[in-house]
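Letters A, B, ... are given to chains in the order of the sequence lines, protein chains preceding strands, and every chain is numbered from 1.
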Amino acid sequence: MNRFPKLTPLSRHFFARRADLVAPALLGKLLVRRLDNGVVLMGRIVETEAYLGPEDPASHSIRRRSAAAQHIWGPPGFAYVYLCMGMYYCLNVVVEPEGRGGCVLLRAVEPLTGLETMRLHRPRARTDYELCSGPGKLCQAFAITAKLNKADMTAGDLVIAEAEKIQFALGVSPRIGISKAVDWPLRFYMAGNPYVSHPNKPQVTKRAV
DNA sequence: AATATGATCTTCT
DNA sequence: GAAGATCATATTT
């Protein structure tokens, strides 16, 4: 309970690639959150979506720069947290070389440690599957709010850390919940993993990793 | 100043 | 499968 594996945050270099390369590369990595009271929450990333630069009509980088989002054109490896539908936060990591405005949305994690605290954060969740199986749920479980917008995810209280490599089949599908570029295959997930959201969504390709 | 629009979740049918 | 909750940001008057 008081021993955690050695955590090695991913380097900024890791994020300085195209979003559609970083997104699948993040599968299997650890999302690590240290709360103010010292409790550590951890989950294995099992589902991500890539949002590219200005050539992607669904990306926030095609919109005019706002104070809350201007850092997505800055150096990669920082959190981009924003409120969706007035009620739920979504967590992104800024990726791609500086100036592009690419992001990767973290859609689902497999909860590993701190489940009791996650259940307190998500009283609505009746099963462990409902804890983190969606971008809004994940933010509730991990207590991620706009206060963590612009946080450095290579160091601090919200980081993505290296993990033991595990074998899995890569699922690819169109992104969820958007109205532009709806067919672009930029959602990546661990095929068959029970903590992925929208398990019945048809995938377009599948290959071993 | 006012309105339209979501990278969602929950509950109900 | 569909509707409602709810608000930061962007776009329109």
Compare the aromatic ring of A:Tyr51 with the six-membered base ring of B:dA7 and state whether they stack according to the 5.5 Å and 30° rule.
yes

Given B:dA7, C:dA8, C:dT9, the nucleotide with the shortest approach to the side chain of A:Ala68
C:dT9

Is a side-chain N or O of A:Asn92 found less than 3.5 angstrom from the main chain of A:Cys103, in a donor-acceptor match?
no

Expressed in angstrom and rounded to an integer, what is the separation of A:Ile176 atom CD1 from C:dG1 atom C1'?
16 Å

Name of the residue among A:Thr154, A:Ile160, A:Leu31 meeting side-chain contact (heavy atoms from CB on, under 4.5 Å) with A:Val93
A:Ile160

In whole angstroms, the gap separating C1' of C:dG1 from CG of A:Asn200 amounts to 13 Å

What integer distance in Å separates A:Glu130:CD from B:dT11:P?
9 Å

Select one nucleotide: of B:dC9, B:dA7, B:dT11, the one nearest the side-chain heavy atoms of A:Arg124.
B:dT11

Report yes if a side-chain nitrogen or oxygen of A:Arg126 is closer than 4.0 Å to either non-bridging phosphate oxygen (OP1 or OP2) of B:dT10; otherwise report no.
no

Have a look at A:Gly136 and say if it touches a base, only the backbone sugar-phosphate, or nothing, with a 4.0 Å heavy-atom cut-off.
sugar-phosphate

Go through the steps to decide whether A:Glu47 and A:Met190 satisfy the test side chain to side chain contact (heavy atoms under 4.5 Å, CB included), and finish with yes or no.
CA-CA 7 Å; A:Glu47 179 180 351; A:Met190 289 191 186; over 6 Å; no

Test ring pair (Phe, Tyr, Trp, His ring centres under 6.0 Å) applied to A:His60 and A:Tyr51, A:Trp73, A:Tyr82, the passing residue
A:Tyr82

d(CD1, A:Ile72; P, C:dT9) in whole Å
13 Å

Of all the nucleotides listed (B:dG6, C:dA10, B:dC9), which has the minimum atom distance to the side chain of A:Met85?
B:dG6

For A:Phe14, does the six-membered ring have the charged nitrogen or CZ of A:Arg12 within the cation-pi criterion, i.e. under 6.0 angstrom from the centroid and within 45° of the normal?
no

Counting side-chain heavy atoms from CB outward, which of C:dT9, B:dA7, C:dA8 is closest to A:Leu83?
C:dA8

Pairing partner (Watson-Crick or G-U wobble, both distances under 3.5 angstrom) of B:dA4:
C:dT9

For the side chain of A:Met87, counting heavy atoms from C-beta on, which of B:dT10, B:dG6, C:dT6 is nearest?
C:dT6

Report yes if at least one side-chain N or O of A:Arg122 is closer than 4.0 Å to OP1 or OP2 of B:dC9; otherwise report no.
no

